[in-house]
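Lettering follows sequence order; numbering is per chain, from 1.
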2 protein chains.
Amino acid sequence: MTHTDLDDVKPRLGRKRDHTRDPEILDAAIDVLAETGYDGMTIDMVAARAKAGKATLYRRWPSKPELVLDAVACMKSNDIDFDALPDTGTLRGDLIAMIKPHGIRDHERKLRVMAGIVSMIARNPELAAAARDALVEPRATVNRIFFQRAMDRGEIPADSDIEKLCMIGPAMVAYSVLMLGEPIDREFLIANIDTVILPAAGVRVATQ
Amino acid sequence: MTHTDLDDVKPRLGRKRDHTRDPEILDAAIDVLAETGYDGMTIDMVAARAKAGKATLYRRWPSKPELVLDAVACMKSNDIDFDALPDTGTLRGDLIAMIKPHGIRDHERKLRVMAGIVSMIARNPELAAAARDALVEPRATVNRIFFQRAMDRGEIPADSDIEKLCMIGPAMVAYSVLMLGEPIDREFLIANIDTVILPAAGVRVATQ
DNA sequence: TATATACGGTACTCTCTAGTTCCGGATATG
DNA sequence: CATATCCGGAACTAGAGAGTACCGTATATA
């Protein structure tokens, strides 16, 4: 109560808060989320998987909902490299070029995460926005570029509804996995492009 | 321990177990499921909504999972009247004829239920099967009939992939509602038919 | 080297809910 | 009218998980 150096009022420092492990913790949260869903996920599971203390998690995120929100929002990163987008000269070529084993696995993980939080989305606008930004928008943006190019080339009609066309692929994949329980593979995606997306887009050139 | 009439071994009867209210209880369960999701739903909520005692629910269903399973399985009923399917002579006509205000509301409720249980579906095959039977198959069956007719008529190519075509509508609707958070209305469904489904199906006649 | 701080980990509290038990009242059977 | 049984409802038990408090240890700064 008596003498304290003014210098000591602010802590004189030990280590600074270690934020280097935040990504690992968020990644662990996403894993658990994908495996068990929002309600099945416990803070202890996340802490254990990240080999961190539960208290450490609460030092960074005030509650479970905010941890999940942050985790979902941060998925954005390890996704698509917008600086290295394919440009093959045809719509079909571009769409096919986006099919990569890594991308399929990534997409299935995203869908499982989505499945784990859909029921919250209707009641939590903030989470809904984060999920859209991180999970649906990146791929929609890519498709928009592809379809716009195709339109500029005259490959698809000038009055096409690009927004709707962009949705077809993601919608079919999500439906197959989530509702029908069928895993996705390369053949499915190609068949989807050739028998649904391109015909719907009105591509003139006969594919195959 | 001594004398008991053999007639009394089987209870001599009071009232028989009243199963007349089962549908109301299951309907209440579906409502709560749609509003709060599986984990948010409590047995007390269902009992309260059905104006039944909690004990009454446990007299009929041994656990929450089995109640939900039964509730989902029993949604099948109040759906589509297969004896009064439209038959307008064109694929577009048939698809449009299926758009009814009641049907839209019904479908949105189904989708909310689906959202409430998707995360379980990956880990509960029985529930997954019930959900498919009750929520996706009925509509898929209708579509299958429409597309088959169209093929028989020569309205769509003979080598069309009917299974894929059947999925487009449901997939687009589910994606819009669940992922994009956009409510469905008549215009959306019509635009979907005219700009996606019919073009994908390769319908010759210019629609509009 | 000394020290303040954040770390991982454990143990605790508190709330919520699945599932059980018990009760008074209603009702169909006889 | 008597009675067995089921009803709705309320009170209770048990377990799981969110969030908190505290510990001994590791480490970056000075």
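- Between A:Thr56 and C:dC7 there is no side-chain N or O to OP1 or OP2 distance below 4.0 Å.
- In terms of the salt bridge (Lys or Arg N to Asp or Glu O under 4.0 Å) criterion, B:Lys164 has no residue partners (sequence neighbours excluded).
- Using modelled atom types, one finds a donor on one side chain and an acceptor on the other under 3.5 Å when comparing B:Thr88 with B:Asp94.
- Residues forming a salt bridge (Lys or Arg N to Asp or Glu O under 4.0 Å) with A:Arg144 (at least two apart in sequence, or on another chain): A:Glu137, A:Glu163.
- For the pair A:Arg92 (side chain) and A:Leu198 (backbone), a donor-acceptor distance under 3.5 Å is absent.
- Residue A:Ala47 is classed as having no contact, given no heavy-atom separation below 4.0 Å to the nucleic acid.
- Seen from the ring of A:Tyr58, A:Lys64 does not count as a face-on cation partner, given the 6.0 Å and 45° thresholds.
- Look at B:Arg21 and you'll find a side-chain N or O under 4.0 angstrom from OP1 or OP2 of D:dG8.
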Give every pair of a protein N or O atom and an N or O atom of nucleotides 16-19 of chain D that lie under 3.5 Å apart, one pair per line with the distance.
| unit_1 | atom_1 | unit_2 | atom_2 | d |
| --- | --- | --- | --- | --- |
| D:dA18 | OP1 | A:Met41 | O | 3.3 |
| D:dA18 | OP1 | A:Lys64 | NZ | 3.2 |
| D:dA18 | OP2 | A:Ile43 | N | 3.2 |
| D:dG19 | OP2 | A:Tyr58 | OH | 3.1 |
| D:dG19 | OP2 | A:Lys64 | N | 2.9 |
| D:dG19 | N7 | A:Lys54 | NZ | 3.1 |
| D:dG19 | O6 | A:Lys54 | NZ | 2.7 |

Check the pair B:Glu66 / B:Glu126 against side chain to side chain contact (heavy atoms under 4.5 Å, CB included), numbers first and verdict last.
-> CA-CA 10 Å; B:Glu66 303 214 33; B:Glu126 219 173 348; over 6 Å; no
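- In this structure, B:Arg59 atom CZ and D:dC7 atom C1' are separated by 6 Å, rounded to whole Å.
- The distance between atom CZ of A:Arg60 and atom C1' of C:dG8, rounded to the nearest whole Å, is 12 Å.
- C:dC7 atom C1' lies 14 Å from atom CD of A:Glu24, rounded to whole Å.
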